[in-house]
Amino acid sequence: MIERGWDSVDFVYVIGDAYVDHPSFGHAIISRVLESHGYRVGIISQPDWKDKKSIQVFGEPRLGFLVSAGNMDSMVNHYSVSKKRRKTDAYTPGGEMGKRPDYACVVYGNLIRQTYKKTPIILGGIEASLRRLAHYDYWSDRLKRSVLLDSGADIISYGMGERSIVEIADALDAGIPVNELTYIDGTVVKIKDRDRIYDAEFLPSYEDLKADKKTYADSFYTQYLNTDAFNGKRLAEPYSDHLFVVQNPPSKPLSVSEMDDVYSLPYTRTYHPSYEAKGGIPAISEIRFSLISNRGCFGGCSFCALTFHQGRIVQVRSHESLLKEAEIITKEKDFKGYIHDVGGPTANFRHPSCKKQTEHGVCRNRQCLFPKPCGNLDADHSDYVSLLKKLRELPGIKKVFIRSGIRFDYLLADRKRDFLKELCQYHVSGQLKVAPEHVARPVLSLMGKPEHSVYEKFTEEFYKMNAKIGKKQYLVPYLMSSHPGSTLKEAVELAEYCRDLGYMPEQVQDFYPTPSTLSTCMYYTGLDPRTGQKVYVPKNPHEKAMQRALIQYRNPELYDLVLEALKGAGRMDLVGFGPKCLIRPRRSNEKQFSGTRTDKAPRPRKKKKTIRNIHKKSEAIL
C-alpha cells in the first residue's frame, strides 16, 4: 500500500486459501478484475478465525468485504467421504492442515460482522455458490439454510463472478446502499418485503422443505431447471413472512474477447513469496504449466455441480490468448518443455453444444448428451485440433498433454476421427484416464452417463487407433462405488467387469454427496428429482465398504467384505476356483479374519500385474 500510495483499500478480500496469483485460483481472477476497473483490493489470506483482529489489518474498507472459502468447499477440503479428517491441505503453505475453519464462509462472515456491523459483506467462491439456497449438508446430515443467512453477509456473487462483482462494486461506489442491490444477475440477496420481489417464481418455504423430502426434491429440480443465463427465472425462497432469499438469474456467459481479457491480466502466476519458507503451495504444481481453454460443461453428470456453478454453455478463449500464455510459460525458469493440460471441466468442449444456445440458452428439460447425443449436437473437434497443433509448434514446447476429462461419447459423436488420432499420437503419456464411472445400466442412467456399450465402443476405437499409429497406450478407467441406485447386485456387476478386464484399481471413488448436485438430492431424499421415482441409496457405512471392496476384490485384506457382499447379493457362484470366480473359498484350517493366511492358504501370484499387462489382456478381450 505504501509503495502504491494507498491510504486505504476499497475492498478487503478474505480467503480460506493461501494467496496464489494465478488464473486457476478464483480469488486471483476476482481481485485482478476489480483492480483492472480501478479498485484497490487488500487480501487477507487464511486469517485466524479465533481472533477478530486478524481481519482488521487493513481497517474498514471503503466499499466492503469480499469473502471466499477458497477453490474448494471447506468441508470437502477437510474431510474424506467417510468423514475422516484429511491430513494435508494442498491450498495451504507446506500442505499444512487446519489453517481454515469448517464452513469457512459462515465463520469468516460472522467474524467480520462482530467488528464491522454495517460494512457490506459479499460472499463468493464455490462454497457460497453451491450453498446459495437451502441445501443438504452431508457432514451434519441435515438440510441447511442459505449460507447468506448463516454468514451474516449481504449478498452472494454466485457462479464465476466476473460480471456481477464489477456491477456490485460500481453500484457501491456510486453510493447505492447494499440492501438496494437486489437486481444484479448472478447474485443472491435478502429481501424483507415480499412486495419488493418482482417477476419471481416462489419456491416452497424452508420449513416446508425441512418437513418433506419430496417437497425438497421438487424445489431442487426447479432450481436445476433455472441455471441457464438466458431462460433461468428469478427464484424466491421464503424463510418467514418477512424474510426471503432471492436468487437472480445467472450472469450471461463471457464472450471470447471477455474471456481473453480476464486471462490477460497481469498475474504473477505463482504464490506469495512469504510462503517460500514452508515449501510453497502444493496445489500449484498441477496447474502451473497448464492452460485453461474453456469453462462450462454440457456433459450433465448428475454427481457434478458444474451446472449450478459454471453453467452448461461452454465459454472459450481464443487461440491467440492461449498461445500468448503458453509463450509466457515457456519462459518460466522451471519449465521443462511440457504443457501439462489444455482444457477445463471437459477438455474436448471448445464451443457451445449447438448454435441456438448463445441466443436462447440450453434446453430446460433435455440434456445434450444423455441418454444419447441430441440431434442438434454440433460434435466437431476441428477448433481444438487446430489449437493443439499450434501449441505443439511453439519454440520450447516438447509435449502437450491432455489431463482434463475427455468426454468419450462426444468424441464418438464426431464422425471425423481427427481428434482421436491427434490425441493418441501426440497428447497421451502412455495412459489416458477416462471416466465411464460404472457399467450397470440403472446406475449409469441415474448418473446421467451413457450406456456402457458406448464406453466399450470408445475403448475399441482407442486401441485400434493406437495399433494403426504403432503405439502401445492404455486406458485407465475411473470407477465410482455407492452412487444412488447401486445395490450389491450392481456393485457385483462392476466387479465382474474389473475381473474381465484384468484390472483392479488402486483407488476407488466412493460417491461423495457435495452440495447442489442431482445425485446429492437423490442421496438425501431417496428420490430422483427429475422423475419423482424412488431411488435405492446405499448409506450404511458397512454396505458402502462392501461395494468399494468388490471393485478391489483381489486385495486379501478385503476378503471378508467381498465374501459378505457376494453372500448378500446371492452370488456365491463367484466364490470358487473357476476362471469367473472373484475369490476362492477358505480352507477349513484358515483363520477367519481379514488379511491373514495360513501356510496352506492359496498364495498371491508372485508376478505383479502392471498397467501394461492389464491392458494387454483388455485388448485381447476386445
Centre of Tyr103's six-membered ring, under 6.0 Å away, within 45 degrees of the axis: is that where NZ or CZ of Lys144 sits? yes

Who are the salt bridge (Lys or Arg N to Asp or Glu O under 4.0 Å) partners of Glu180, not counting sequence neighbours? Arg196

Answer yes if the side chains of Ser353 and Gln357 hold a donor-acceptor pair under 3.5 Å, and no otherwise. yes

Residues Asp218, Thr215; criterion side chain to side chain donor-acceptor pair (under 3.5 Å); working and verdict: CA-CA 5 Å; Asp218 292 341; Thr215 301; 5.8 Å; no

Residues passing the salt bridge (Lys or Arg N to Asp or Glu O under 4.0 Å) test with Lys99, sequence neighbours excluded, are Glu96

Counting neighbours of OH on Tyr478 that are heavy atoms of other residues, nucleotides or ligands and sit closer than 6.0 Å, is the number greater than 12? no

Test of ring centre spacing under 6.0 Å for Tyr497 and His452: yes

Find out whether the Lys NZ or Arg CZ of Arg85 is both under 6.0 angstrom from the six-membered ring centre of Tyr79 and within 45° of the ring's axis. yes

In terms of side-chain heavy atoms, does Gln247 have a donor or acceptor partner in Arg234 at a distance below 3.5 Å? no

Do Ser140 and Asp137 have side-chain N/O donor and acceptor atoms under 3.5 Å apart? yes

Heavy-atom closest pair, residues Ile126 and Asn71: CG2-O, 3.7 Å

On the 0 to 90° scale, with breaks at 30° and 60°, tag the Tyr13-His27 ring pair as parallel, tilted or perpendicular. perpendicular

Do the ring planes of Tyr138 and Tyr512 sit parallel (below 30°), tilted (30 to 60°) or perpendicular (above 60°)? perpendicular

Set of side chain to side chain contact (heavy atoms under 4.5 Å, CB included) partners for Leu225, sequence neighbours left out: Tyr221, Arg364

Once you measure the plane-to-plane angle for Tyr523 and Phe511, does it fall in the parallel (<30°), tilted (30-60°) or perpendicular (>60°) bin? tilted

By side chain to side chain contact (heavy atoms under 4.5 Å, CB included), His351 pairs with (sequence neighbours left out) Asp378, Asp380, Tyr410

Pairs involving residues 533-553, ordered by first then second residue, that meet side chain to side chain donor-acceptor pair (under 3.5 Å) (sequence neighbours left out): Ser486-Gln547, Asp510-Arg548, Tyr536-Glu543, His542-Glu564, Glu543-Gln547

Under the side-chain hydrogen bond (donor to acceptor under 3.5 Å, both in side chains) test, which residues partner Ser151, sequence neighbours left out? none

With sequence neighbours left out, the residues meeting side-chain hydrogen bond (donor to acceptor under 3.5 Å, both in side chains) with His483 are Ser519

The criterion is side chain to side chain contact (heavy atoms under 4.5 Å, CB included); which residues satisfy it with Pro101, sequence neighbours excluded? Trp49, Ala104, Val107, Tyr108

Looking at residues at least two apart in the chain, or sitting in another chain, which of them share a side chain to side chain contact (heavy atoms under 4.5 Å, CB included) with Lys192? none

Can you list the residues that meet the side-chain hydrogen bond (donor to acceptor under 3.5 Å, both in side chains) rule with His135, with sequence neighbours excluded? Arg131

Residues two or more places apart in sequence or in another chain: which of them pass salt bridge (Lys or Arg N to Asp or Glu O under 4.0 Å) with Arg403? none

Provide the full list of ring pair (Phe, Tyr, Trp, His ring centres under 6.0 Å) pairs with a residue in residues 225-254, sequence neighbours left out, each pair given once. Tyr206-Tyr239

